Amino acid sequence: MKPVQVAATEKDNAMEARLSVLAEIFSDTGVIEQFSKSTGIRASTIYRWVAGTSTPRQSNIRALLSAFPERRAQLEQAFSALLPLASPSPTALEEIPSIFYRKVADAISSTPASLLYWTVVRLVMRQAVLHLDPDRHGLLILLVHCMPPLEDGKIRTLLERAQIGSGIWESDVEQKAAFLGAESLAGYTVSRCQSAVRNYKHEVSIIPAIYMPHEESSAASPILRAGLVAGCLLFSSTQPGYFDAQKRKIGEHYASLVALGLEREEFYDRSLLDLAPMPAEEVQQRVIAQLPPAELIGDNTELRRWQEIERLLLHR
Amino acid sequence: MQGHGNLYPIDIESSAEMARLQLQDKLLTKTMGGIFPGAIDLSGVEDLLDVACGPAGWALEVAFAYPDIEVVGIDLSQTMISYARAQAQVQGLTNAQFRVMDVTQSLGFPDASFDLVNARMLFAILRASDWPRVIGEWKRVLRHGGMVCWTEMEPAGTTTSRAYEELVRLVARVLHRQGQTFSPDGYHWGVVSAMGRLLREAGFETIQKFGYLHESSFGTEAYDLSFQDMVVSLQLVKPYVVGAGVIDEKAYDELYAQTLREVRDQNHTSVTPLASWWVRKP
């Protein structure tokens, strides 16, 4: 029984502290009336707080803290269970939180090999979309991989392996894989192992891009390790001019984190890249529709299927 | 209120489990048609408690969609809570806070602190005998007129994959041994069938109840992500099931491989039932 008694005592002490500070503050009915008038909280509610038959809401606690700054320390201690542990900072595009780096590091050290790729990719992409589009205007992130070299030793296509989105692209319950090639921003980025951006749909640029519906700007960050490339993260936004320097830098950091979840064998020297142009997505989907959808957790059977489709598309 | 340790069959500090729970949050919300089921009146809700929030996908969605609601999420995992706090910060969600708390113990909040208590998918963390006092705690921290929204699923749904059904029933059998199911024989979980009784016995008044079917058949909208959820959860729960001695590792791996073959079949069908109860504290 002892643990139950200890818990009850702690709760009683906390209740006593709250009632004590409230009784002190509201010992004068004039104070009650003034507080009620300034906050719109009924006097009867305040009396219930003092009697202990009702607990102030969080918004009320903040009103108390504001109205009685001389009692701040007492109030914070008495209502600690209901107050945020620290005041969150306003929205700002900051560095990736350190807890997230730790989480990825934990994933690498303790996740079974069969789940490592899936775990790292899902964690990183979800974090990236929430970080880069906190107001949910509409951001789509695609993970694009190099397909293995063909018989001639060249890499001819890239494959979209995963996606996550916000706003208009939030529903990621259905993932449609597609091949990308020389015609795409992803192809440009991977071939050069350099980030690239198309911030305005109609700007004149040598950087290629094929825009999907609702997309106004796009950026891509290569996934690199020791000078080798595995693919890229491709970012699309519904907002023109969205990918400023800071966002592009953040995107590169997330691409670096994705790299940690990939096997060495998935990275290639850029000299192997000789991307072909790929047909439009509708054409590809007609071919792909005959097979199961792309999935992150696959085995060699799935890879062979994608290679089969790749050959069909390259030799159309 | 005495606790009894962590009964969850998967390591709660696992990064893979965190990623899976984030995925599951999205699938559940999609199945339920939104973050709250049905057209429930939330106008009186100012303070909301999300019990066993995990990586807080749902809680953060609520905080974003309802900036006037103060959302508090609690979970046993320090890692999940730290992560949830960081997520709230990068998204600028100042109306969301998170605390480490054991939901099987007395909750560290005063009486009448919240207007709504939300609980989703607690079926694997409690014994059947724990539910009355846990629900009693929900009632204690609610203000008069406050609501509970409680959602559970019956993981042993129906599917054409014999191997998958067998694996799920193995998990149910182990949980049953530990008193965590309402099933008379350990064949299924049974929480869904017990929810109404438990809430009524706690003195809540029913507002509305909702039933859902999560379909993850081949070719459906949810197939792809449900497949991922299934594969990850079967791998993560393997040590628990094999460790309980109900199957050896080789047999488990064979059933798992068979599951993958069967679920990838174009004729594969699968539905999982869920239920949500909205109740009010008189």
Side-chain angles (χ1 to χ4, degrees), chain A residues 3-4 7-8 11 14-15 18 53-55 57-59 79 81-94 96-100 102-104 106-107 110-112 114-116 118-123 126-127 130-131 134-136 171-175 292-297 299, chain B residues 1-3 11 13-16 18-20 22-23 26-27 30 46-47 57 60 64 68 70 72 79 82-83 85-99 105-106 108-113 115 143-144 218-219 221-228 231-232 235-236 260 264 266:
Chain A
V4 175
K11 209 190 303 183
M15 168 78 106
R18 283 193 298 276
T53 55
S54 176
T55 301
R57 298 174 185 279
Q58 289 193 35
S59 54
F79 290 99
L82 289 169
L83 288 170
L85 293 177
S87 300
S89 48
T91 300
L93 195 58
E94 302 167 353
I96 299 173
S98 60
I99 176 70
F100 191 72
R102 286 204 300 275
K103 203 61 208 156
V104 173
D106 285 345
S110 59
T111 301
S114 57
L115 293 178
L116 180 60
W118 183 89
T119 300
V120 170
V121 166
R122 275 225 62 104
L123 284 177
R126 184 172 185 279
Q127 173 71 18
L130 293 174
H131 188 178
D135 296 326
R136 321 281 173 101
S171 178
D172 66 342
V173 290
E174 183 179 10
Q175 298 182 187
E295 57 195 52
L296 292 180
I297 304 167
D299 53 22
Chain B
M1 191 189 283
Q2 284 190 327
D11 177 8
E13 302 299 339
S14 155
S15 297
M18 176 183 286
R20 190 192 71 80
Q22 290 173 345
L23 171 60
K26 280 196 84 84
L27 285 170
K30 180 81 180 173
E46 289 189 23
D47 298 299
L60 291 168
F64 178 81
D68 292 334
E70 295 285 343
V72 177
T79 307
S82 298
Y83 183 80
R85 285 182 187 144
Q87 293 281 49
Q89 190 165 14
V90 296
Q91 294 177 68
L93 295 171
T94 57
N95 59 327
Q97 54 165 307
F98 300 95
R99 292 173 186 270
Q105 301 264 19
S106 179
F109 300 108
D111 296 358
S113 295
D115 304 297
R143 299 185 176 104
H144 289 290
F218 181 88
E221 195 179 8
Y223 172 75
D224 207 19
L225 291 182
S226 299
F227 180 85
Q228 292 177 36
V231 166
V232 175
Q235 291 193 46
L236 292 178
L260 294 187
R264 283 178 177 152
Q266 295 191 19

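Quick note on labels: first sequence line is chain A, next is B, and so on, each numbered from 1. What you see is a predicted model; the values in this text were computed from it and never measured.
Rounded to the nearest 0.5 angstrom, B:Lys26 NZ and A:Arg126 CZ are separated by 7.5 Å. Distance CZ/A:Phe79 to OG/B:Ser113: 9.5 Å, rounded to 0.5 Å.
Between A:Lys103 and B:Glu13, the shortest heavy-atom distance links the atoms NZ-O, 3.2 Å. Closest of all the heavy-atom pairs between A:Trp118 and B:Ala19 is CZ3-CB, 3.7 Å. Among all heavy-atom pairs drawn from A:Asp135 and B:Phe64, the shortest one is O-CZ, 3.7 Å.
Considering A:Val120, A:Val104, A:Thr119, A:Leu115 as possible partners of B:Ser15, the one that fulfils the side chain to side chain contact (heavy atoms under 4.5 Å, CB included) test is A:Thr119.
Looking only at side-chain heavy atoms (C-beta outward), B:Tyr83 and A:Arg102 stay at 4.5 Å or farther from each other. Counting heavy atoms from C-beta outward, A:Arg122 and B:Leu225 have side chains that approach closer than 4.5 Å. In this structure, the side chains of A:Arg18 and B:Pro110 come closer than 4.5 Å at one or more pairs of heavy atoms. Looking only at side-chain heavy atoms (C-beta outward), A:Arg136 and B:Gln91 come within less than 4.5 Å of each other. Between B:Gln235 and A:Ser114, the closest side-chain pair of non-hydrogen atoms falls below 4.5 Å. The side-chain heavy atoms of B:Val90 and A:Pro134, taken from C-beta on, include no pair separated by under 4.5 Å.
Heavy atoms closer than 4.5 Å to chain B are found in both the backbone and the side chain of A:Leu130. For B:Asp11, no part sits under 4.5 Å from any heavy atom of chain A, backbone or side chain. Only the side chain of B:Gln87 comes within less than 4.5 Å of a heavy atom in chain A; its backbone stays farther off. Residue contact with chain B, scored on non-hydrogen atoms closer than 4.5 Å, involves the side chain of A:Thr111 exclusively.
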